[in-house]
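In what follows, a structure is listed as structure tokens, so that the remarks can point back to it.
Keep in mind the model is a prediction, meaning the values are calculated, not measured. Start at 1 and go down the list; that is how both ligands and their atoms are numbered.
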Amino acid sequence: MKIVMLGAPGAGKGTQAKMIASSYGLPHVSTGDIFRANVKGGTPLGLEAKTYMDKGELVPDELTVRILLDRVAQEDCKNGYVLDGFPRTIPQAEVLDAELTKLGEKIDYAIDVEVPDENIVKRMSGRRACVNCGATYHIVHIPPKKEGICDACGSELILRDDDKEETVKNRLAIYHQQTQPLIDFYSNKGVLKEVDGTKDSAEVFEDIKKILG
Ligand code: ADP
Ligand code: AMP
């Protein structure tokens, strides 16, 4: 099963992708997580990606596509995966589609998590991410057991630099311009499914399970 998560930054793609991954035994592939791991490790890829991420811009397609195709070619992805944060542009979706077609495969579901813009800034300012394992929380909606500490690994939780209000506004504008057209792209392929992302995260997951069966 190959799944693409669509939705604005902060819509809850990562939250749902992790739940799908653990329930259905699929790897969770997040290009944002891959870039952040490289930024943390100070790799050349990380240094390049950081210049775009800090401004809330997209990392160029050529680089992003290469990273993603390398990742999905790994052994653990052979029975499927949940893509979170990729594709984010039509050219990225077209390359993925072409690569899958070569293998006689396709995306089975594109799940669009719908949340209006006015909710997004609030969500992002409350998001906290683990510096070590990348787990995400929300200070009000999905709080960790102990404030500021990751439930999963005990490390510190931080506000991501790109979750500051001005950067979030830029990310939202870029989302509408470059990523939202993917909704039509996957709708035309007959695989688009929409869920109401304003519901509680457990309820959103119930709706997704009904779709995936
Ligand atoms: P994305 O991966 O789409 O950028 P996240 O999954 O990181 O979004 O969610 C953004 C923020 O909103 C996080 O702080 C997360 O804990 C919180 N969140 C996720 N789903 C919900 C929900 N259904 N209701 C309220 N807050 C949510
Ligand atoms: P995310 O964690 O998905 O919100 O991604 C964080 C940042 O990483 C984005 O704001 C982009 O700068 C970069 N990024 C992640 N995925 C992509 C992608 N598919 N294309 C371009 N840039 C990306």
Identify the residue among D76, V72, L26 that makes a side-chain contact (heavy atoms from CB on, under 4.5 Å) with Y81.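 In the set D76, V72, L26, the residue that makes a side-chain contact (heavy atoms from CB on, under 4.5 Å) with Y81 is V72.
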
Residues lining ligand 1 [heavy-atom distance under 4.0 Å, listed by chain and residue number]: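 Heavy-atom contacts below 4.0 Å: A8, P9, G10, A11, G12, K13, G14, T15, R123, R127, Y137, H138, H141, I142, G197, K199, D200, S201.
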
Salt bridge (charged side-chain N to carboxylate O under 4.0 Å, His left out): pairs with one or both residues in residues 21-39, sequence neighbours excluded: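 Of all non-adjacent pairs touching residues 21-39, those that pass salt bridge (charged side-chain N to carboxylate O under 4.0 Å, His left out) are D33-R36.
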
Just how far is it from atom CE of M19 to atom OG1 of T15, taken to the nearest 0.5 Å?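 Spacing of CE (M19) from OG1 (T15) equals 8.0 Å.
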
Among residues at least two apart in sequence or on other chains, which ones pass salt bridge (Lys or Arg N to Asp or Glu O under 4.0 Å) with E57?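 With sequence neighbours excluded, E57 shows a salt bridge (Lys or Arg N to Asp or Glu O under 4.0 Å) to K55, given in chain and number order.
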
Considering only NZ, NE, NH1 and NH2 on the basic side and carboxylate oxygens on the acidic side, decide whether [X] and [Y] come within less than 4.0 Å.
X: D207; Y: K210; value: yes
X: D97; Y: K106; value: no
X: R171; Y: D162; value: yes
X: R127; Y: D163; value: yes

Using the rule that Ile, Leu, Val, Met, Phe, Trp and Tyr join whenever any side-chain heavy atoms are under 4.5 Å apart, tell me whether F185 and V95 fall into a single cluster.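 Yes, one cluster joins them.
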
Check each protein residue for a heavy atom under 4.0 Å from ligand 2 and list those that pass, ordered by chain and number.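 Lining ligand 2: T31, G32, F35, R36, M53, E57, L58, V59, T64, G85, F86, R88, Q92, R160, D162, R171.
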
